[in-house]
Amino acid sequence: MAYVAHDASVFAPPAEVGEMELYHPKTWLGKYVWSQDAKVIGIQYAITAIGIGLVALVMSWLIRLQLGFPDSFSFIDPSNYLQFVTLHGMIMVVYLLTALFLGGFGNYLIPLMVGSRDMVFPYVNMVSYWVYLFAVLLLVASFFVPGGPTGAGWTLYPPQAILQGTPGATWGIILMLVSLVFFIIGFTMGGLNYVVTVLQARTRGMTLMRMPLTIWGIFMATVLALLAFPALLVSAIMMLFDLLLGTSFFMPALVSMGQQSEHAGGSPLLFQHLFWFFGHPEVYIVALPAFGIVSDLLSVHARKNIFGYRMMVWAIVAIGGLSFVVWAHHMYVSGMNPYFGFFFATTTLIIAVPTALKVYNWVLTLWHGNIQLTVPMLFAIGFIFAFIHGGLTGLFLGNVTVSVPLSDTMFVVAHFHLVMAVAPIMVVFGAIYHWYPKITGRMLNEGMGKFHFWATFLGTYAIYLPMHYLGFLGVPRRYYAVGGTDFIPASAQSLNAGITIASLLVGAVQLVFLYNLVWSYFKGKPSGGNPWNATTLEWQTADTPPKHGNFGATLPVVYRWAYDYSVPGADQDFIPQNVPAREVART
Amino acid sequence: MSMFQQLMAKPWAADQGKLDDLYAGGASSRLAKKLALRVFLAVVTVLFTLLVTAYGGRMVYEDWRPAPQVNLLWANTLVLILSSAALQWAQYSVRRGQMDAMRVGLLAGGAFTVVFLFGQVLAWRQLAMMVYFDVTNPAIAFFYLITGVHGVHLLGGLVAWGRTVAKVWGDFEVAKVRQSVELCTVYWHFLLLVWLVLFGLLFTGNNLDLLLKLCGIR
Ligand code: HEM
Ligand SMILES: [Cu+2]
């Protein structure tokens, strides 16, 4: 990180930056399978994540079928139901969203956007993907072992997670835990790469505060993940010990199915603390990249600089720090010292401040912007809606007195789906529509895209808004059937049926999106290098899609921040980051 | 520039632009390796902090039964200190261009590490033979878990050490070897420090109060 002496008369020649040695594969396999090119690895991550995500999507249909039309499907018994719920949650949070945002978008975008030829450790980066794939395969394998996958809920709370009687209590949970261990190892390899590349391999002129917010979001999320995943790693290993070696870290002495267990003296609460010490940062691991990406989508498609760039960066950093001191708001009903509860309720409300700031800044970016209602923009706006709704219910849940009665009801399900499922997925879609032209050289079809947006946006609202109401009524989550419960009116059932229909429709609409991905790859409109007239470096590459090494002969030199849109006096409404002041056309 | 100053910069302002244009960029893989090791050590620190906290948290329960002492651990600790010292010697030598001394230091460091790991396994077996041994006693389970995790990190270090050793024969690029030795040394010192903390706080039996105070539990 050196600063060269400044001599205004001589412009420093480009690519004084030390060039890195690139690995040049000779075979097709070396180029596309055992690839060390971060772009290819990013795409591998993305395809794997979306593939396993589709499995989780199918499971959500099965869950909804049972809830909407109980007693109609003989192939869903109570055990299956719990297994679907568990795997749906775990896959969506960890194997889809975390892997897609950091492994997928992180790999593709970090080197391109900071002006680097590749990640700093390409080999480690490649291994990271293969370890991730192995973790996914272990997870898939758990469907085929005796007893099937675990049904312990995505939170995997012991003691029930490893007690006989819980679905998948032996093989299912073993594979789940081992898979998580591998996921974390693989992620750590990738994560070291992302962090070091951002800090150490930026091109000339790319200071930290000139980085696009996409990179800030992915960077901070990676830091969080590196520091939070060890908690999950430790708890997974300790639970494996309890299960396989008979230790009692988490397992208290108890009588299970009429038998005195051999465990004694373990603390289930210890697991909950470890899990949520990971679990709450995890929600921001998913949210921060979405925050970053959506900021860039809004700015590009509203042709305006992002409102309050510095504040946005600070908010990302602040949220990152605070997210490590709020975890116990997930444990209000686990029993705790009231002062503890007070502390965590307070920190939870404090973290809402930087979060709210970001929301204001997004809205203010749109204010008086030259808004282009492109498909990425639609999804970005959809994100703002979903995130505000989910964030507001989070504020309610952050207060102990409100959270306790609502805990484990459909209200919580509605909260976290809006805030961490719908909102980030909106960004994922927006980002794919936005960067697909760079990845393939072709635009995604706009008609199909708009249909996809409206159906998904309205559909998800049809699913989650009524769910809040079910929560108020006291409908519990993770129940196969509520049976004849007096406090739940019969009409709740018709609401549930409606939600199920909406969710099946939303699911079906995703097929249009997949079709669009394939169709446009062959038939889409050629995009050129910079279809959105964006300023960031990935749009200024010599080739589209960018070749191995990203930038052709010389690395770009950066002369400005990422948000020079509609600059007064300039001819064009955007100035790319690598254009020096003297080359800006003015009339 | 400090991180804080960087975060205060206004990247859109013309004056700041002139400063920012001076940033030369960085793509040196040497700095990258150093930074990567530091970040990794931060991750490992979190891992061990969580383990120690979990141990402390469990300890306050009334039914806590301390694990029996294994005196062999004192010897093992000494051996680990020696391995760290040997690597320090290797680093000192490579910096002064004394390659033979560097080789000796490097090999001795690895050998002591292997002895340490062997000693740990022996300690495991000793504990397992004792009458007090009971897997459901958390103190004992934590002992196996924590020493195991620490040992795995040393094993990982031995891989890096092996790759360094493979480099130091015949013709080699001094700068590269020097960095590898330096990185190994940092890692070993770090794991020694971790061990001393673990050993001192958890496995010598008489520091429970201190640990609880550190964790803010008592
Ligand atoms: C201002 C922002 C937020 C606040 C105040 C907040 C607060 C809470 C609280 C108190 C709970 C526990 C509810 C209960 O069990 O009774 C909860 C659950 C949850 N939240 Fe949030 N939250 C916020 C933002 C987020 C974000 C950004 C995400 C994800 C991106 C998220 C994901 C979740 C998840 C997944 C759960 C459920 C976990 C489970 O029990 O399985 N939240 N939230
Ligand atoms: Cu939380």
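Just so you know, these numbers use all the heavy atoms, side chains as well, and skip hydrogens, waters and symmetry mates.
Nearest heavy atom pair, residue B:Pro138 against residue A:Ser248, reads CG-O, 4.3 Å. Nearest heavy atom pair, residue B:Tyr23 against residue A:Met206, reads CE2-O, 3.3 Å. When all heavy atoms of A:Val196 and B:Ala32 are compared, the pair lying nearest together is CG1-O, 3.6 Å. Minimum interatomic distance between B:Leu50 and A:Pro230 (heavy atoms only, all atoms of both residues): CD1-C, 4.0 Å. Smallest separation of non-hydrogen atoms from B:Val46 and A:Leu227: CG1-O, 3.3 Å. Taking each heavy atom of A:Leu192 and B:Ala36 in turn, the nearest pair found is CD2-O, 3.8 Å.
Comparing A:Phe277, A:Tyr563, A:Trp314 by heavy-atom pairs within less than 4.5 Å of chain B, the highest count is held by A:Trp314. Ranked by heavy-atom pairs under 4.5 Å with chain A, the first of B:Val39, B:Ile140, B:Val135 is B:Val135.
Heavy atoms of other residues, nucleotides or ligands lying less than 6.0 angstrom from CZ of B:Phe118 number 12 at most. The environment of B:Phe172 atom CZ is dense: over 12 non-hydrogen atoms of other residues, nucleotides or ligands sit within 6.0 angstrom. Atom CZ of B:Arg125 has 12 or fewer heavy atoms from other residues, nucleotides or ligands within 6.0 Å. A 6.0 Å sphere centred on CZ of B:Arg163 holds no more than 12 heavy atoms belonging to other residues, nucleotides or ligands.
With a 4.5 angstrom heavy-atom cutoff, A:Met238 touches chain B only via side-chain atoms. Only the side chain of B:Leu51 comes within contact range of chain A, with heavy atoms under 4.5 Å apart. A:Ile237 touches chain B through its side chain: at least one heavy atom from C-beta onward sits under 4.5 Å away, while N, CA, C and O do not.
Side-chain contact between A:Val313 and B:Leu7 is present, with heavy atoms from C-beta onward closer than 4.5 Å. Taking the side chain as every heavy atom from C-beta outward, A:Met209 and B:Lys10 never approach each other to under 4.5 Å. Contact of the A:Thr207 side chain with the B:Pro11 side chain is not registered, since no non-hydrogen atoms from C-beta on lie closer than 4.5 Å. Counting only heavy atoms from C-beta outward, the side chains of A:Thr247 and B:Thr136 never approach each other to under 4.5 Å. With contacts defined as side-chain heavy-atom distances shorter than 4.5 Å, the pair B:Trp12/A:Asn305 does not qualify.
For A:Arg210 and B:Asp21, the salt-bridge test passes: some basic side-chain N is under 4.0 Å from an acidic carboxylate O.
The CG atom of B:Leu31 sits 11.5 Å away from the CG atom of A:Leu199 when rounded to the nearest 0.5 Å.
Below 30°, between 30° and 60°, or above 60°: for B:Phe142 and A:Phe249 the angle between ring planes is above 60°, a perpendicular geometry.
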